[in-house]
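Okay, so here's the structure we're looking at.
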Amino acid sequence: SDVELAIFTNDGKALANKTVEIVQKSHSFLFGDQLWELDRFHRYGMQNTDRAFYFKERFKEVFNAANALCYWTEHPRNDGPKIEDIQGRNVTEHFEYCVDWACSQQLAVKGHPLFWSIEKCVPKWVMSYDFPTRMKFAEVRVRNLVALFRNRIKLWDAVNEALWEPVFKNLDKRHWPHIEKNSDMADMIGEVLQWCKSENPDAKFLVNDYGLEEDPDSGPPKTKDGMPVSAALQRERYVELFIELKKRGLAPDAIGLQSHLGKGWISLKKQTEVFDEISKAEIPMHVTEFWAHTNHLEETGKLTKDQIEQMQSDYACNILKIAFGHPGIDAFFFWEFMNDSIKWDDYSGHIPKPLFYSVKNLINKEWRTNAKFATDKNGIIKFRAFHGTYSLRLKQGKLPNGIEFSVNKQFK
């Protein structure tokens, strides 16, 4: 935003011809990664090891946000963070450790996910009950987590991957891809959002999904009835879903867009078009799970390790630039950045790759407004600033004094 500040002395006189320093303290835009590894350290009693220490140090060098994970269960990948895999055994201490660490570092905390209607993430014991009872268990889980972390988590993936899965009442009929009517999805999502908002109206809740960019090389997957489900169709259904939720007065606070591509990487032009298309819903967007894997490059056998790492860095940074520069996007979360960007050994040794330094440089150097200005005769300075919190620093006598202010989309 373009910023104009008028600076006065305590007695109301314009502070003319005075050098002041503008220092950006933080971004309004959220940049983050998930904390699966940190959760695992805590579960295995490794939270005080050198490996955990350096993971945390490197994480906060780059990001201002963290995605803490709270799956109901994570079967069959049972090494995942899980809250209630066994009936009556409610395990929140590992999730809470991640949340509290992030809060202690002044990182914005996101919780993922509250409600996910998919077989692998609904505990088997839940499915032994009739549907109304299952729904009540789900409601209690969602309400308890939102309430318990009311003062620590202000951002949640409330509903995950509804576009590809059955609504909760049809979970035992799942056949991927399972395509439901928008009205049925809106019924389920609207109810979950009502649970969330009634427990914490001040938090933001997302509906999050994947498979919106490009079709697999093998073509669109097909439903049980043989209907192709293309990425283009899913984008159309996604926008229609949010239009329906808005009509009901039940729109989420933001739209989540994953980016787990299969083979290859999406072109920058196509990525921009996807963002533009989803923005038609007129709801803020978040990139929630960006993963720049390199499998397709390694399989060629024609590229060196250094070449692959540099290509990965260039690609990820270009996507990040597109997202940061898009007016409809407010957040960008990686998925596995801490493992993709750093080579770790079993203990404390680690070597950051080009991806680590490139992303760190973009977020914390290139995209920071730090400069000195001289006020004019009316005590005014004008500059262009990234959105975030700032300190205006000037000397009073021999001592520097900082005055905090913010710049955001509504800045006038």
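When side chains are defined from C-beta on, H94 does not count as touching C70, because their heavy atoms never get closer than 4.5 Å. Contact annotation: the side chain of L38 approaches that of Y97 to within less than 4.5 Å [non-hydrogen atoms, C-beta and beyond]. In this structure the side chain of E74 reaches within 4.5 angstrom of the side chain of Y71, judged on heavy atoms. The closest side-chain heavy-atom distance from I153 to V99 is below 4.5 Å. Residues W125 and E84 have side chains in contact (heavy-atom distance under 4.5 Å, counting atoms from C-beta outward). Within the 4.5 Å cutoff, side-chain heavy atoms of V122 are placed close to those of W72. Side-chain contact between K124 and D85 is absent, with no heavy atoms from C-beta onward closer than 4.5 Å. Within the 4.5 Å cutoff, side-chain heavy atoms of L257 are placed close to those of I255.
Shown here is E119, whose CD atom has no more than 12 heavy atoms of other residues, nucleotides or ligands within 6.0 Å. Shown here is K56, whose NZ atom has more than 12 heavy atoms of other residues, nucleotides or ligands within 6.0 Å. The 12-atom threshold is exceeded at CG of D11, counting heavy atoms of other residues, nucleotides or ligands nearer than 6.0 Å. The local environment of CD in E93 is crowded, with over 12 non-hydrogen atoms from other residues, nucleotides or ligands closer than 6.0 Å.
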(Q) Go through it in stages, so that I can follow the logic: the residues are E57 and K60, the test is salt bridge (charged side-chain N to carboxylate O under 4.0 Å, His left out), and I'd like the CA-CA distance, side-chain angles, deciding distance and then a yes or no. (A) CA-CA 6 Å; E57 287 297 301; K60 66 185 184 182; 3.1 Å; yes

(Q) Quick one, V23 with Y390, criterion side-chain contact (heavy atoms from CB on, under 4.5 Å). Give me CA distance, side-chain angles, the key distance, then yes/no. (A) CA-CA 6 Å; V23 178; Y390 284 82; over 6 Å; no

Q: Just do the side-chain contact (heavy atoms from CB on, under 4.5 Å) check on F332 and H286 with the steps written out, would you?
A: CA-CA 6 Å; F332 190 105; H286 290 195; over 6 Å; no

Q.
Run F137 and Y129 through side-chain contact (heavy atoms from CB on, under 4.5 Å) and show every step you take.
A. CA-CA 10 Å; F137 277 122; Y129 292 91; 3.8 Å; yes

Q) Checking salt bridge (charged side-chain N to carboxylate O under 4.0 Å, His left out) for the pair K382/D376: CA distance, chi angles, key distance, verdict? A) CA-CA 10 Å; K382 296 180 181 180; D376 65 14; over 6 Å; no

Q | Verdict with reasoning, L5 to I380, per side-chain contact (heavy atoms from CB on, under 4.5 Å) | A | CA-CA 6 Å; L5 292 181; I380 292 174; over 6 Å; no

Q) Step by step, would you call W291 with D340 a side-chain hydrogen bond (donor to acceptor under 3.5 Å, both in side chains)? A) CA-CA 8 Å; W291 183 22; D340 281 347; 3.1 Å; yes

Q: Kindly determine whether R40 and D79 satisfy salt bridge (charged side-chain N to carboxylate O under 4.0 Å, His left out), including the steps that lead there.
A: CA-CA 8 Å; R40 182 186 286 124; D79 190 41; 2.6 Å; yes

Q | Worked check of salt bridge (charged side-chain N to carboxylate O under 4.0 Å, His left out) between E139 and K136 | A | CA-CA 5 Å; E139 180 181 356; K136 184 54 67 175; 2.9 Å; yes

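By the side chain to side chain contact (heavy atoms under 4.5 Å, CB included) test, I308 pairs with T294, L297, E298, L303, sequence neighbours left out. Scored by the side chain to side chain contact (heavy atoms under 4.5 Å, CB included) test, S313 finds Q310, C317, P354, L355, S358 as partners (sequence neighbours excluded). Under the rule for a ring-ring contact (aromatic ring centres under 6.0 Å, His included), the partners of W176 that lie at least two apart in sequence or sit in another chain are W164. Residues passing the ring-ring contact (aromatic ring centres under 6.0 Å, His included) test with F337 are F63, F334, sequence neighbours excluded. Residues passing the side chain to side chain contact (heavy atoms under 4.5 Å, CB included) test with K395: none are found, sequence neighbours excluded.
Among residues at least two apart or in separate chains, side chain to side chain donor-acceptor pair (under 3.5 Å) pairs with a member in residues 346-356 are R58-H350.
Between the side chain of S391 and the backbone N or O of R393 there is no donor-acceptor pair closer than 3.5 Å. Counting only distance, with no hydrogens or angles, the side chain of Q307 and the backbone of T304 share a donor-acceptor pair below 3.5 Å. N67 contributes no side-chain N or O that, together with a main-chain N or O of D33, makes up a donor-acceptor pair within less than 3.5 Å. Counting only distance, with no hydrogens or angles, the side chain of W344 and the backbone of F55 share no donor-acceptor pair below 3.5 Å. The backbone N or O of P166 sits less than 3.5 Å from a side-chain atom of S117, completing a donor-acceptor pair. Between the side chain of K82 and the backbone N or O of G80, at least one donor-acceptor pair lies under 3.5 Å. A donor-acceptor pair is defined here as one N or O able to donate and one able to accept, closer than 3.5 Å; no such pair exists between the side chain of R235 and the backbone of G211. H293 places a side-chain N or O within donor-acceptor distance of the main-chain N or O of N295, the cut-off being under 3.5 Å. Side chain of Q34 to main chain of W36: a donor-acceptor pair is present (N/O by atom type, distance under 3.5 Å, no hydrogens or angles). Between the side chain of N370 and the main chain of Q24, a donor-acceptor pair closer than 3.5 Å is present.
Side-chain contact of E161 with N208: a donor-acceptor pair under 3.5 Å is absent, judged by distance alone. Side-chain N/O atoms of H27 and N364 include no donor and acceptor closer than 3.5 Å. No side-chain N or O of N170 forms a donor-acceptor pair with one of R174 less than 3.5 Å apart. Side chains of S26 and T389: a donor on one and an acceptor on the other come within 3.5 Å. Side-chain atoms of S230 and D215 include no donor-acceptor pair closer than 3.5 Å.
Nearest heavy-atom pair across A292 and W265 is C-NE1, 4.2 Å. Residues D253 and A203 share a closest heavy-atom pair of OD2-O, 3.7 Å. Taking each heavy atom of L250 and G190 in turn, the nearest pair found is CD1-CA, 3.8 Å. Nearest approach of P123 to T73, heavy atoms of both residues: N-CG2, 3.6 Å. The heavy-atom pair separating W367 from K321 by the smallest distance is CZ2-CG, 3.7 Å. Across every non-hydrogen atom of A65 and L107, the tightest pair is N-CD2, 4.0 Å.
Of the charged side-chain nitrogens involved, at least one lies within less than 4.0 Å of a carboxylate oxygen, so that E61 and K360 count as a salt-bridged pair. Under the 4.0 Å criterion applied to side-chain N and carboxylate O atoms, E96 and R152 are assigned as salt-bridge partners. R51 has no carboxylate O lying under 4.0 Å from a charged side-chain N of D345, or vice versa, which leaves the two without a salt bridge. Using a cutoff of 4.0 Å between basic side-chain nitrogens and carboxylate oxygens, K154 and D202 are not scored as salt-bridged. Using a cutoff of 4.0 Å between basic side-chain nitrogens and carboxylate oxygens, R143 and E199 are scored as salt-bridged.
Remark: aromatic rings of W335 and H112 are close, center separation under 6.0 Å.
Taking the centre and axis of the six-membered ring of F333, the NZ or CZ atom of K110 falls inside the cone set by 45° and 6.0 Å.
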